[in-house]
Protein chains: 2
Amino acid sequence: MSPRIDEQNQQIRDARKQQLLEAGAKVFGERGYAGTKISDIVGEAKLSHGLIYHYFASKEDIYIELARTAFITSYETIREVVESGGSPYERLKALTEGIFAHTAESGYFFLIALQTNTSKTVPAEATAISREYAQQSMRWLERLFREGQEQGEFIDADPLKQALMYSSMLNGVVFTRLTYPELEDFPQVDQILRIFVHARAEE
Amino acid sequence: MSPRIDEQNQQIRDARKQQLLEAGAKVFGERGYAGTKISDIVGEAKLSHGLIYHYFASKEDIYIELARTAFITSYETIREVVESGGSPYERLKALTEGIFAHTAESGYFFLIALQTNTSKTVPAEATAISREYAQQSMRWLERLFREGQEQGEFIDADPLKQALMYSSMLNGVVFTRLTYPELEDFPQVDQILRIFVHARAEE
DNA sequence: GTCTATAACCCGATAGAC
DNA sequence: GTCTATCGGGTTATAGAC
């Protein structure tokens, strides 16, 4: 095999794998781990039944890879924004808007993350990955809230609980946005962030 | 058959049905509709495999009955509190605390409601029931927010969007409480309701 | 009313041809 | 690399004995 052929083959392999992952994200998101059949995935990807096993060892394997992508993406977004410049409030607002924009286009990953945290049927490895990244993400959020309190922008409260409150609210709102996609300009980001900042005269 | 026997039989039937519904709530909540096997339910209820079909026509049937209970309970709680006495803020606070108390003891129904709204594998009838009650519940919440605005307690904003915001936040927080049951006094109800009320001097 | 046994079907994963 | 055919195991629902 010449290098030329090798390279072409690699491109085909990458393309097929991506095809299967995208199909998997859609059907796992819509139907859950147990409710998804291999035939659903290959049907969505328009590939034959057997071919999926040339790219993944098992159904569990596909799910784990998708869950990992979901959690890493979320974690990296949080880390980058918290480490970036701007006041704590500006960063919190930027993070919120970034997450809304992201989930609007790839809601399936949100649903996969949700399942990984609620269903006992998902592969144990996916649940372990979730726990790991959830903990790390919470640490970054905690730091953001602590900074906001030190600088006087945020109200005083246990920073970890504020971080939990923030992620709770975000989950709830993203979920509603997925349920009612026709709702535009929901929610007002400034409004939901009022929970965390000091009261001030209304204009 | 004497009436005496009939009555005893009816008691047995009711008890078994309740047993199966409770087992079903647990395993459907934990494993999802597709991930739950009949053997999981009867195993949890400690009854034999075949017996479940003397009480329910099908697996779908059990799920529909559980989903109906979940949505009706939620709807009735909202309706009763909104119709009760007290200022809008007092009613909103009472509703929030009531829902937290309720989901703390029967979180499985929350998970069943969640799945019914996100998974395409659940029986279509359950999804229809969800939509119906969600719409009705939203109307009552909308009314509560409109009253709060008219009386000057709540900030001005589209009452329907405030109702959506409230239910989003509640979903997110209940979810977090299920994920971290060891967290006590999370969240501070007064804090989350700050979103909806006018800013005022902090004590 | 309760149980065990089984029918009828479907799924994940593999084998092997092209 | 891609496909069809098939194996082995497991699932819902029913039948029939006690």
Side-chain angles (χ1 to χ4, degrees), chain A residues 1-21 23-24 27-28 30-66 119-126, chain B residues 1-21 23-24 27-28 30-66 119-126:
Chain A
M1 290 186 223
S2 73
R4 174 75 186 283
I5 297 295
D6 273 4
E7 197 179 316
Q8 277 186 341
N9 279 348
Q10 191 58 41
Q11 280 184 359
I12 290 175
R13 285 193 64 86
D14 289 349
R16 290 285 167 276
K17 188 165 182 182
Q18 192 55 31
Q19 227 175 320
L20 287 164
L21 284 173
V27 292
F28 276 131
E30 287 178 347
R31 310 180 58 83
Y33 179 74
T36 294
K37 294 166 273 186
I38 296 293
S39 60
D40 293 329
I41 303 177
V42 295
E44 180 70 29
K46 282 162 187 153
L47 296 175
S48 73
H49 192 139
L51 192 58
I52 196 169
Y53 291 99
H54 277 68
Y55 294 95
F56 297 93
S58 64
K59 181 178 156 184
E60 291 205 350
D61 211 44
I62 308 172
Y63 188 88
I64 292 166
E65 187 151 335
L66 288 167
S119 172
K120 290 198 173 175
T121 63
V122 302
E125 193 177 336
Chain B
M1 288 186 225
S2 73
R4 174 74 186 282
I5 297 295
D6 272 5
E7 195 179 318
Q8 277 186 343
N9 279 348
Q10 191 57 41
Q11 280 185 359
I12 290 175
R13 286 192 65 86
D14 289 349
R16 290 285 167 276
K17 188 164 182 182
Q18 192 54 33
Q19 226 175 322
L20 286 165
L21 283 172
V27 292
F28 276 130
E30 286 178 347
R31 310 181 59 84
Y33 179 75
T36 294
K37 294 166 272 184
I38 295 294
S39 61
D40 293 329
I41 302 177
V42 295
E44 179 71 29
K46 281 162 187 152
L47 297 175
S48 74
H49 193 142
L51 192 59
I52 197 170
Y53 291 100
H54 277 69
Y55 294 95
F56 297 94
S58 65
K59 182 178 154 183
E60 291 206 351
D61 210 44
I62 308 171
Y63 188 88
I64 292 167
E65 186 151 336
L66 287 167
S119 171
K120 291 196 173 177
T121 63
V122 302
E125 192 177 336

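In the text below, chain A, chain B and the rest are named by the order of the sequence lines, each starting its count at 1.
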Rounded to the nearest angstrom, tell me the gap between atom [atom1] in [X] and atom [atom2] in [N].
X	N	atom1	atom2	value
Ile5(A)	dG1(D)	CD1	C1'	12 Å
Gln11(A)	dG1(D)	CD	C1'	15 Å
Lys37(B)	dC11(C)	NZ	C1'	13 Å
Lys46(B)	dG1(C)	NZ	P	22 Å
Ile52(A)	dC11(C)	CD1	P	14 Å
Lys17(B)	dT2(C)	NZ	C1'	18 Å
His54(B)	dA17(D)	NE2	C1'	12 Å
Lys59(A)	dA13(C)	NZ	P	8 Å

Ignoring the backbone of [X], work out which of [options] is nearest its side chain.
X	options	value
Ile38(A)	dG1(D), dA13(C), dT4(D)	dA13(C)
Tyr55(B)	dC11(C), dT12(D), dT2(C)	dT2(C)
Ile12(B)	dC3(D), dG1(C), dC3(C)	dG1(C)
Asn9(B)	dA13(C), dT2(D), dG1(C)	dG1(C)

Looking at dT14(D), I'd like to know if its phosphate oxygens (OP1 or OP2) sit under 4.0 Å from a side-chain N or O belonging to Tyr53(B).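 Checking Tyr53(B) against dT14(D): no side-chain N or O falls below 4.0 Å of OP1 or OP2.
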
Should Arg16(B) be listed as having a side-chain N or O under 4.0 Å from OP1 or OP2 of dG1(C)?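 For Arg16(B), the contact criterion (side-chain N or O under 4.0 Å from OP1 or OP2 of dG1(C)) is not met.
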
Would you name the heavy atoms of His54(B) and Arg13(B) that are closest together and state the gap between them?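 Residues His54(B) and Arg13(B), closest heavy atoms: O-NH2, 3.3 Å.
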
What does Leu51(B) touch in the nucleic acid at a heavy-atom separation under 4.0 angstrom: a base, only the sugar-phosphate, or nothing?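 Here Leu51(B) touches the bases of the nucleic acid.
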
Counting any heavy atom closer than 4.0 Å, what does Phe56(B) reach on the DNA or RNA strands: base, sugar-phosphate only, or nothing?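 Nothing, no nucleic acid heavy atom in range.
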
Strictly distance-based, threshold 3.5 Å: is any side-chain N or O of Ser119(B) a donor or acceptor partner for the main-chain N or O of Gly32(A)?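 Pair absent, no side-chain N/O of Ser119(B) close to backbone of Gly32(A).
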
Answer whether the closest heavy-atom distance between the side chains of Ile38(B) and Tyr53(B) falls below 4.5 Å.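 Heavy-atom side-chain distance check passes, below 4.5 Å.
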
Any side-chain heavy atom of Leu20(B) within less than 4.5 Å of one from Ile62(B)?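 Contact flag for Leu20(B)/Ile62(B) side chains = no.
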
Modelled atom types, side-chain donor and acceptor of Gln19(A) and Arg16(A), under 3.5 Å: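 Yes, Arg16(A) and Gln19(A) have a side-chain donor paired with an acceptor closer than 3.5 Å.
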
